[in-house]
A.B. asks: 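So that we are looking at the same thing, I have put the structure below in structure tokens.
Chain naming here is simple, since letters A, B, ... match the order of the sequence lines and numbering starts at 1 in each.
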Number of protein chains: 2
Amino acid sequence: MARQARYGAQSRLRALQSDIMDLILERELEAGDPLPTENELAASLGVGRNTLRESLKVLQAMGVIEIRHGFGMFVAPTNFDALAEGLMFRGRLSLRQNGEDALQLLGIRQALETGLLPAAVAASTPGHLERLAEAVEHLEQLAQAGEHSAAADAEFHRRLFEPLGNELLQQLLGVFGKVHRKIQLEAGPATDDAAAVAALHRKIYDAVAAGDAAAAGGLLASRFEELRAKIGALVAGR
Amino acid sequence: MARQARYGAQSRLRALQSDIMDLILERELEAGDPLPTENELAASLGVGRNTLRESLKVLQAMGVIEIRHGFGMFVAPTNFDALAEGLMFRGRLSLRQNGEDALQLLGIRQALETGLLPAAVAASTPGHLERLAEAVEHLEQLAQAGEHSAAADAEFHRRLFEPLGNELLQQLLGVFGKVHRKIQLEAGPATDDAAAVAALHRKIYDAVAAGDAAAAGGLLASRFEELRAKIGALVAGR
DNA sequence: AAGACAATATCGGATGTCCCACCTCCGCCC
DNA sequence: GGGCGGAGGTGGGACATCCGATATTGTCTT
């Protein structure tokens with residue numbers, strides 16, 4: 001089967017990825033369903049195993065499939081890990097140059113969160129507020145212990161947009177949250193102590209509870225401005 | 001160099017990707033700069049060439065590097081192609097099942113665009129409006145010729161958010177625009193004719209020119225509702 | 001009879017090697 | 001002097017082979 005006529009196409013890999021995705025669609029596989037083994041796939045697609053593996057790794061990175069060593073490959077639930085990975089790299093690279101990408105990355109998160117806040121606030125129910133309040137309290141508890149938890153911060157933002165009921169959107173926001181934190185780490189030692197962060201989130205919560213999305217957005221902005229200034233200083237120092 | 005102690009890590013590939021990214025950062029490479037050849041990289045990272053290639057392909061998919069056959073590998077400018085690819089697959093897969101992901105994908109685009117519209121409208125200058133008007137006219141010209149151009153549609157949306165001055169954000173919006181159109185294609189034959197689309201965009205332009213972001217958002221929503229209904233029907237038919 | 005441990009089967013993970021395809025550039029020939 | 005062609009280098013691809021991880025299964029112990 002192998003070693004057939006050479007196709008003129010510049011890149012066979014692209015086609016291979018599509019073939020694999022088509023195969024998944026054709027066989028009506030759902031998330032969690034197993035794919036054929038690498039050897040079977042390689043044989044049925046008429047390519048070498050290494051070539052196939054390159055495609056599979058790419059598909060894994062795209063969040064299409066999940067590879068479990070020694071067990072098999074499966075259709076994966078959506079995940080944006082690769083996106084986050086790539087963007088964080090982008091940000092780091094940018095910080096070593098003109099900082100442009102880092103600022104834009106930050107800008108995306110800010111635009112997304114402030115843009116979506118009104119809708120989230122409007123769709124918020126007492127139950128949502130309750131959960132958001134818990135997140136704030138958790139943040140405050142950690143702050144009292146002098147700890148600075150990125151996970152708790154992320155959880156607050158997650159719950160902030162829970163009312164929208166869009167899990168994919170949540171993941172996307174999570175990605176930019178991760179990127180934000182990474183850039184913050186790279187840009188220099190944290191200047192904000194945990195207590196201040198907790199207090200800020202408490203204020204945001206209050207604004208949300210009061211249904212004032214604009215105020216909440218303004219509060220969110222403060223954390224961005226600080227980081228932007230730090231990035232500006234970092235870049236200027238070169 | 002090869003065959004050193006086995007690392008306990010579950011996956012070496014992940015580490016390899018990080019190593020390559022670190023190498024780029026350490027050598028202070030910028031976008032467009034060439035990377036070492038595959039053989040050099042494989043040797044200096046102490047892995048086999050095929051293993052290295054898998055990582056490189058993933059990095060390419062993440063938009064970190066650009067690979068030009070027969071020429072070399074280069075640090076790439078940011079691009080979200082892989083993201084679009086993965087999400088379009090997600091949408092197609094979803095349409096064959098419960099349609100949930102497809103709806104959420106649509107929801108993300110809608111949330112993003114309506115959420116960002118106020119800021120875009122506020123930041124819009126006469127120059128921006130001018131360019132937006134041109135896009136509308138182009139759309140209308142095509143409509144008169146009976147043509148239905150996805151590119152012209154995309155261009156309109158691109159110019160809509162140009163005032164925000166965030167290229168990365170533009171690319172991200174572009175991704176969800178692509179995903180939207182793909183889902184629309186997959187969900188069934190277009191029910192909207194080019195003239196209606198052009199007319200709608202004209203109305204959106206008018207709203208933007210009038211500084212009425214809310215109205216523009218409402219107009220945008222109409223295209224989403226139609227598609228949602230189509231998806232609902234498609235899924236129900238199973 | 002039930003649970004823990006060990007052998008094994010089944011995958012994916014990694015490598016080295018060989019050859020092909022493609023691009024670029026330099027030098028030759030017209 | 002300009003265009004064409006080949007040489008060299010670089011990525012693309014295919015095997016064959018061995019390593020490593022994981023789940024399962026079967027047996028041994030309690």
Side-chain angles (χ1 to χ4, degrees), chain A residues 1-20 23-24 29 32-76 81-82, chain B residues 1-20 23-24 27 29 32-76 82:
Chain A
M1 164 73 77
R3 184 69 57 180
Q4 52 215 74
R6 316 306 297 191
Y7 314 131
Q10 10 86 307
S11 146
R12 185 108 136 266
L13 221 147
R14 193 88 173 176
L16 230 191
Q17 289 167 24
S18 293
D19 286 349
I20 298 171
L23 181 142
I24 293 175
L29 299 179
D33 288 351
L35 268 67
T37 68
E38 290 190 351
N39 282 314
E40 286 174 359
L41 269 180
S44 74
L45 295 175
V47 299
R49 188 159 165 252
N50 273 317
T51 307
L52 173 74
R53 270 162 72 55
E54 287 175 9
S55 289
L56 290 173
K57 287 293 165 53
V58 171
L59 289 178
Q60 182 188 32
M62 297 194 325
V64 171
I65 65 174
E66 181 184 343
I67 301 178
R68 294 176 60 186
H69 190 168
F71 194 32
M73 298 178 296
F74 307 84
V75 179
D81 289 355
Chain B
M1 166 71 80
R3 185 67 58 181
Q4 51 217 73
R6 314 311 294 192
Y7 317 130
Q10 8 83 307
S11 143
R12 181 104 142 270
L13 220 147
R14 192 88 174 176
L16 229 191
Q17 289 166 26
S18 293
D19 286 348
I20 298 171
L23 182 142
I24 294 175
R27 299 199 181 180
L29 299 180
D33 289 350
L35 267 66
T37 68
E38 289 189 351
N39 281 317
E40 286 174 3
L41 269 181
S44 75
L45 294 176
V47 299
R49 190 163 90 98
N50 275 318
T51 307
L52 173 74
R53 268 154 105 345
E54 287 176 9
S55 289
L56 290 173
K57 287 294 165 53
V58 171
L59 289 179
Q60 182 188 32
M62 296 193 325
V64 171
I65 66 174
E66 182 183 341
I67 301 178
R68 294 176 59 184
H69 189 169
F71 193 32
M73 299 179 295
F74 307 84
V75 179

A.B. asks: Among L16(B), L23(B), D19(B), exactly one meets side-chain contact (heavy atoms from CB on, under 4.5 Å) together with L41(B). Which residue is that?
C.D. replies: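 Running side-chain contact (heavy atoms from CB on, under 4.5 Å) over L16(B), L23(B), D19(B) with L41(B) returns exactly one hit, L23(B).
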A.B. asks: What is the separation between atom CD on Q60(B) and atom P on dG11(D), rounded to the nearest whole Å?
C.D. replies: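 Distance check: Q60(B) CD to dG11(D) P gives 12 Å.
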A.B. asks: Among dG12(D), dG12(C), dA14(D), which nucleotide sits nearest the side chain of T51(A)?
C.D. replies: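 Among dG12(D), dG12(C), dA14(D), the one nearest the side chain of T51(A) is dA14(D).
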A.B. asks: Where each residue is assigned the nucleotide of DNA chain D containing its nearest heavy atom, which of R68(A) and R49(A) is assigned the position nearer the 5′ end?
C.D. replies: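 Whichever sits nearer the 5' end wins; that is R49(A).
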A.B. asks: Only counting residues at least two apart or in another chain, list the ones meeting salt bridge (Lys or Arg N to Asp or Glu O under 4.0 Å) with E66(A).
C.D. replies: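 E66(A) satisfies salt bridge (Lys or Arg N to Asp or Glu O under 4.0 Å) with no other residue.
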A.B. asks: Can you find a side chain N or O atom of T37(B) that sits less than 4.0 Å from OP1 or OP2 on dT10(D)?
C.D. replies: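 So the side chain of T37(B) is outside the cut-off, no N or O lying under 4.0 Å from OP1 or OP2 of dT10(D).
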A.B. asks: Can you sort out the partners of R27(B) under salt bridge (Lys or Arg N to Asp or Glu O under 4.0 Å), two or more places apart, ordered by chain and number?
C.D. replies: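 By the salt bridge (Lys or Arg N to Asp or Glu O under 4.0 Å) rule, R27(B) matches no residue at all.
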A.B. asks: Expressed in angstrom and rounded to an integer, what is the separation of E66(A) atom CD from dG12(C) atom P?
C.D. replies: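 Distance, rounded to whole Å: 13 Å.
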A.B. asks: From the options dA23(D), dA14(C), dA21(D), select the nucleotide whose nearest atom is closest to the side chain of H69(A).
C.D. replies: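 Of all the options, the side chain of H69(A) is nearest to dA21(D).
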A.B. asks: Send over the distance from K57(B) NZ to dG13(C) P, rounded to a whole Å.
C.D. replies: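 My rounded result for the distance is 16 Å.
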A.B. asks: For G63(A) versus A76(A), what's the shortest heavy-atom pair and its separation?
C.D. replies: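 Answer, listing the atom of G63(A) first, then A76(A): O-CB, 3.9 Å.
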A.B. asks: Heavy-atom nearest nucleotide on DNA chain C for N50(B) versus P36(A): which residue maps closer to 5'?
C.D. replies: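 The answer here is P36(A).
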A.B. asks: Identify, with sequence neighbours excluded, every residue that meets side chain to side chain contact (heavy atoms under 4.5 Å, CB included) alongside N39(A).
C.D. replies: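 Per chain and number, N39(A) pairs via side chain to side chain contact (heavy atoms under 4.5 Å, CB included) with T37(A), R49(A).
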A.B. asks: Specify the separation, in whole Å, of atom CG of L59(A) and atom P of dG12(C).
C.D. replies: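 For the pair L59(A) CG and dG12(C) P, the rounded distance is 14 Å.
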A.B. asks: Using five pairs at each end of the helix from dA1(C)-dT30(D) to dC30(C)-dG1(D) to define an axis, what is the angle between those two axes, to 10°?
C.D. replies: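 Rounded to the nearest 10 degrees, the bend comes out at 0°.
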